[in-house]
**Q** 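Just dropping this structure here.
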Amino acid sequence: MTRFSRLLDDRPRTREALAALLLWLLLAAPLALSDEAPPWLRLTAAPLLAAAAYWARRAPLAVLAVPTALGLALTPDLLTETFTPALAVLSHLLGRRSPDTRPALLAVAGLCATGLLLALTLPGADLWGWFTLVATVLFAAVLPWLLGRFRRQQAELQRTGWELAARMEREQQLIADRTRLRERSRIAGDMHDSLGHDLSLIAVRAAALQVAPGMDDAARGSAAELRQAAADATERLREILGVLRQDAAETAPTSVTDLVERATASGIPVHLHRHGTPDPPPLPPLTASAVHRVIQEAITNAAKHAPGNTVTVTLTTESDEVTVAVADTSTETTGTPTPPIPAASGNGSGTGAGTGLIGLDERVRLAGGTFQAHPTPTGFRVTARLPLTPGPTAAHPQAQPDETAGISQRELTQARQRVRRGMADAIWIPVAAGAALFLLVYGFEVYTSHQSVLKKATYDELHTSDPTPAIAPRLPGYEFDDEAPPGAPADPADTDECRFYRTATFTNSPLYRLCFTDGRLSHKDRVTPTPDDG
């Protein structure tokens, strides 16, 4: 039982080990099904592929070196039935597990450059083998990597959708809580307006009866009891109102200076600047509460969404109004603007995602002022103008969906755009790379065909028994092919090698054949290939 419990505790590690084992079996299966690789390479490849399967999750880019090196050890063009499937599988896992694109693209470029170097330096290798390597990298590495990235972006879209659903559920709960609080406040107001007024009238009438002439002692005692009962009921009503409003009650705001000092002491770089009248009068309670809340919310959002930015609080007091502006500025000198501070609040004030700026706007509006919030080239800025004397409530502005309630929707839209870009990349990148490879191969074919033409005048000047070193400088840089073309007669006996050269570019005209024996030209003639070969 203890061993079983320990196994349950190690389930994530066990699942990871089983996944690595299955991956190794998949990568190593061609070793058992194909005899393409020599025994020494197969014995070397088995443990290397096991290590690649084990580290595929921790270092997905590094493990690609294993099938790449094994494939190059088998053939310079990398196209093998033994290790190319492993390259495709690990490339797909790289796209699924790594969010970075630049290292993978650099690795592809480095592999192509390495293949070109091998094609130019290894004996028996040529550029046609490098073209095969590029095609193998394109279809066995780049394409699976793009498909893996597409699957990763699809998973991110699904995760973003679920997060959005959970966030909307939390927001609905917050809205329901605020609705209940508003209903409590409305009930409390109704009770205050109706019952408080009635109880006050009862107390006044009981006091009048108590001092009215012609009342005996018993009546005066009853009137006094009635007045006391009305006073007790009023007190109980006040207690009930306190219970109903205790969730919405707020503590008296601290001064702006104390608020800035607390933020600075907690590590947020905040600078306070005061302007206006030298001895400003005390702010009205509602205005002071709104100013305090704007500064507190802006500093909290700056600390949460733009950590490290410097926050500047500017408080300007005029004769009839006070203006508070809070702006965060990036300390970097690169000129890259910091992302806008979302409308979410993280200070525990009860505002959820998309309601922080809305709550500030409502508070300022109820105080008779105006509120603005917008991104700047270096950060974010909020500004509130509040009157020093009570006045009419400002008109409610039209909500700005891009700055308030649209954060979640924008995140989902951006995730969808990433998935669409991933799908487009998985299509156009292989198509563009294939087209470029085709043009490169075609251009090289044109070049080699032109460079493999042996002029008739040069052919006529060649004589048998001429030494090879004397003939070689006059021959074209490329041959027709490494092998004899179909339909050509057999090579003369006792010759070391025979070379074929074109008589014209891209034609099926006869070819020149030069055969060498013991370092000298021994035979030269014209041969005609079959019509299907060019």
Side-chain angles (χ1 to χ4, degrees), residues 11-29 49-68 71 78 83-112 134-168 305 339 342 353 406-434 436:
R11 278 182 296 180
R13 187 176 302 176
T14 303
R15 286 196 298 266
E16 183 177 349
L18 290 177
L21 176 60
L22 293 176
L23 178 61
W24 175 69
L25 293 177
L26 177 63
L27 300 181
L49 291 175
Y54 178 78
W55 290 99
R57 186 177 299 275
R58 299 172 179 83
L61 180 60
V63 299
L64 282 179
V66 173
T68 302
L78 193 63
F83 303 115
T84 300
L87 178 64
V89 172
L90 293 178
S91 298
H92 180 77
L93 293 179
L94 173 63
R96 287 291 304 270
R97 294 170 177 174
S98 177
D100 298 330
T101 60
R102 182 175 299 179
L105 295 178
L106 291 177
V108 169
L111 177 58
C112 293
V134 173
T136 303
V137 171
L138 175 62
F139 293 102
V142 176
L143 184 58
W145 173 71
L146 289 173
L147 294 177
R149 282 186 55 80
F150 175 69
R151 289 293 301 158
R152 175 186 178 87
Q153 291 166 349
Q154 270 192 329
E156 290 180 354
L157 176 61
Q158 294 176 357
R159 183 169 59 253
T160 302
W162 283 112
E163 291 176 355
L164 176 60
R167 184 180 302 175
M168 292 177 64
H305 300 286
I407 301 299
S408 300
Q409 186 61 35
R410 286 204 303 272
E411 292 177 355
L412 184 59
T413 302
Q414 292 172 357
R416 288 173 175 169
Q417 291 175 350
R418 288 195 297 270
V419 171
R420 286 194 291 268
R421 285 197 301 268
M423 181 180 296
D425 292 343
I427 296 174
W428 77 263
I429 289 181
V431 171

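For the single chain, residues carry numbers from 1 onward in sequence order.
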**Q** Does L138 reach the side chain of L143, with side-chain heavy atoms less than 4.5 Å apart?
**A**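 Not in contact.
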
**Q** Go through the steps to decide whether L23 and L93 satisfy the test side chain to side chain contact (heavy atoms under 4.5 Å, CB included), and finish with yes or no.
**A** CA-CA 11 Å; L23 178 61; L93 293 179; 3.8 Å; yes

**Q** Please test L87 against L64 for side chain to side chain contact (heavy atoms under 4.5 Å, CB included), starting from the C-alpha separation and ending with a verdict.
**A** CA-CA 7 Å; L87 178 64; L64 282 179; 4.1 Å; yes

**Q** About how many Å separate CD of E16 and CG of L21, when rounded to the nearest 0.5 Å?
**A**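 One gets 12.5 Å once the value is rounded to the nearest 0.5 Å.
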
**Q** Under a 4.5 Å cut-off applied to non-hydrogen side-chain atoms, are S91 and V142 in contact?
**A**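 They are not in side-chain contact.
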
**Q** Cut-off 3.5 Å, no hydrogens considered: what does the side-chain donor-acceptor table look like for residues 49-57, sequence neighbours left out?
**A**
none

**Q** Side chains of V89 and P144, heavy atoms from C-beta outward: is any pair under 4.5 Å?
**A**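 When only atoms from C-beta onward are counted, P144 and V89 do not touch, as no gap falls below 4.5 Å.
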
**Q** Step by step, work out the side chain to side chain contact (heavy atoms under 4.5 Å, CB included) result for V66 and L27.
**A** CA-CA 11 Å; V66 173; L27 300 181; over 6 Å; no

**Q** Mind checking the CZ-CG spacing from R151 to L146? Nearest 0.5 Å is all I need.
**A**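 One gets 14.5 Å once the value is rounded to the nearest 0.5 Å.
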
**Q** Could you tabulate the donor-acceptor pairs under 3.5 Å formed by side-chain atoms of residues 98-110, not counting sequence neighbours?
**A**
none

**Q** Would you please name every residue forming a salt bridge (charged side-chain N to carboxylate O under 4.0 Å, His left out) with R96, sequence neighbours left out?
**A**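 Residues passing salt bridge (charged side-chain N to carboxylate O under 4.0 Å, His left out) with R96: none at all.
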
**Q** Do T84 and L78 come within less than 4.5 Å of each other through their side chains, counting heavy atoms only?
**A**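 No. Closest side-chain heavy atoms not under 4.5 Å.
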
**Q** Got a sec, which pairs hit salt bridge (charged side-chain N to carboxylate O under 4.0 Å, His left out) with one end in residues 139-148, sequence neighbours left out?
**A**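 Qualifying pairs, neighbours excluded: none.
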
**Q** Using side chain to side chain donor-acceptor pair (under 3.5 Å) as the criterion, list what pairs up with R97, not counting sequence neighbours.
**A**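 Applying side chain to side chain donor-acceptor pair (under 3.5 Å) to R97 gives none.
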
